[in-house]
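For reference, the structure discussed in these notes is given below.
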Amino acid sequence: MSAVREEEEDEIPPGKWRDDLPTYKLKDIKEHNCMEKGVWVVFNEGVYDVTEFVENHPGGDTILLAAGADLAPYWKLYSQHHTQQVYDMLEEYRIGNLDPVDVLSLRKSGEKVKDLYANDPERHPALIVRQQKPFNAETPPSLAVKSQITPQSVFFVRNHMPVPDIDAKQYKLTLEVDLGASLDKDTRIKQVRTLSLDDLKSQFKHMQVEAAVQCSGNRRDDFNKVKEVKGLNWALTAISNGVWSGVSLREVLLSFGMSEEELRNKFKHVQFEGYDASGEGTCYGASIPLHTALGVDNDVILAWQLNGEDLSRDHGYPVRVVVPGTVGARSVKWLKSVRLSEEESQSHWQQKDYRMFHSSTDWNNVDWTKSKSVQECPVQCAICVPSPDSFTLKKGAELDLKGYAYSGGGKGVVRVDISLDGGETWHMADLEDATQDPPKEFGWRLWTFSASDDLVKKSAKGQKVLKVVAKATDSSHNVMPKDAMDVWNIRGIMNNSWHRVDIKLE
């Protein structure tokens, strides 16, 4: 029995000493540090053989960095790992215990690990925090629908790593053309330019675009209600709408001196890399198809302002890319490089994350090569007011609903339908006037709906709870699926099933 355990017996944390398993010395574990020899890691007092898991895990590259060593310093970078679901998954790979002497040694060294988030910026206290490190937070639903444009201070925040602190005067953006392999095939031939922030502002025509940015995990909590998934438990406001100012990515790409036809013939993708990096130096990366970047109707922008203000650090200061109509994962913040290439970004966020599978795919049988990286957002809507957790409709009162609707690819929303009886009967909501037109309707549409006391009584059918449902239709007449399980997937992304809220009646 280990002498270093301090937890109560009724609390069984991951890596707790187990008398039924063998004990390993750290020097023996270090020999299992690659796929060929097997990948063993340590967490607390536990030893794990994660060889089979590494190949398919979105963060497999990071896990390999911990091969033959302690996993804890790497997991400190990503607090989304600290959930019971992840702990249970890890325990499936448990093979033994770490020698108590080595446990104490690792704990002492772990206390010296630098907090990479110590320099993160301050945030607005109204934000609903889903994760502290890295920081991720939603806009309060009632604030989200107060105006068409979301103030930057309460714009939802999606960070994957610590927030860079960049001096705009020293900022450099690298533009790179990957011309393919050299004759000896050992190196790549590249054409490289660098631009400062002043270069961007002075060499290209300025533009603005109103566009919503939505995390692909928005409304993940509705998935968890039917079947648990892995990822931040976003509710309904991992989405915000703003006006972005900057320069056209299309114009920047054409500045290489090649015609649009030449670019389309030579390349298929535009890769982005951010200045945000893990403790090991891995930068966030993503890519979009070249046709998206060059499309005259797509308005992909290298932005330095949001709503007329310089970007805040959380939102990509000094420059980020915004890809309207596309999932937020492709709108890389703190933009470090733009690369024309024949292939997608090879970052794990492009290759082994943000991909969608059917509901029978699990972490044991997932093959990331069998699905494309998600790009355009599906049609979506949500009820933001009233809050189901703190609202009871008074007897005889009207019910006033308010929410947002959005569709990717610039399609825009043409209708929002509301049901007060779980989907048996429907009523049209009132859409606020559109500020854009398809195929460039990149912002969201706010909507309202008022139900009279008579309609509420009729819909409730004598029950004390009103089953409110909202669904949207876009300009291509795509509609939202009825049930979350229709689009459930292991990563918990792209949930656009009917939004359901139960309203208590007095």
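Along the sequence shown, residues carry numbers from 1.
To the nearest 0.5 Å, atom CZ of residue R313 and atom CZ of residue R123 are 8.0 Å apart. Atom OH of Y171 is separated from atom CG of L335 by 4.5 Å, given to the nearest 0.5 angstrom. Rounding to the nearest 0.5 Å places CG of D222 at 5.5 Å from NE2 of H499. To the nearest 0.5 angstrom, I288 atom CD1 is 11.5 Å from E344 atom CD.
In this structure, the side chains of I149 and N241 come closer than 4.5 Å at one or more pairs of heavy atoms.
Classified by interplanar angle (parallel below 30°, tilted 30° to 60°, perpendicular above 60°), the ring pair Y24/W40 is perpendicular.
Heavy-atom minimum distance, W363 versus M89: CD1-CE, 3.9 Å. Residues Y317 and A168 approach most closely at OH-CB, 3.1 Å, considering heavy atoms. When all heavy atoms of T326 and Y406 are compared, the pair lying nearest together is N-OH, 4.3 Å. Q271 and E343 get closest at one heavy-atom pair: NE2-O, 2.9 Å. For L401 against P386, the heavy-atom pair with the smallest separation is CD2-CD, 3.5 Å.
Scored by the side chain to side chain contact (heavy atoms under 4.5 Å, CB included) test, S245 finds Q208, Q305 as partners (sequence neighbours excluded). Contacts of R330 classified as salt bridge (charged side-chain N to carboxylate O under 4.0 Å, His left out), with partners at least two apart in sequence or in another chain: none. Legend: residues meeting side chain to side chain contact (heavy atoms under 4.5 Å, CB included) with D102, ordered by chain and number and at least two apart, are K25, L26, L98, D99.
Checked against a 6.0 Å centroid threshold, the rings of W244 and F155 count as neighbours. Taking the six-membered ring for Trp and the full ring otherwise, the centers of Y354 and W368 sit at least 6.0 Å from each other.
Under a 3.5 Å cut-off, the side chain of K333 and the backbone N or O of D314 do form a donor-acceptor pair. Looking at Q214, its side chain never comes within 3.5 Å of a backbone N or O of C377 through a donor-acceptor pair. Proximity of a side-chain donor or acceptor of Q351 to a complementary backbone N or O of S345 within less than 3.5 Å is detected. Remark: side-chain polar atoms of N44 are not paired, donor with acceptor, to backbone N or O of G46 under 3.5 angstrom. T150 places no side-chain N or O within donor-acceptor distance of the main-chain N or O of S240, the cut-off being under 3.5 Å.
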Decide yes or no on side-chain contact (heavy atoms from CB on, under 4.5 Å) for F156 and T139, but give the supporting numbers first.
CA-CA 5 Å; F156 96 96; T139 310; 4.0 Å; yes

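A donor-acceptor contact closer than 3.5 angstrom links the side chains of E91 and Y48.
Salt bridge annotation for D20-R18: present, with a cationic side-chain nitrogen under 4.0 angstrom from a carboxylate oxygen. Salt bridge annotation for K230-D362: absent, with no cationic side-chain nitrogen under 4.0 angstrom from a carboxylate oxygen.
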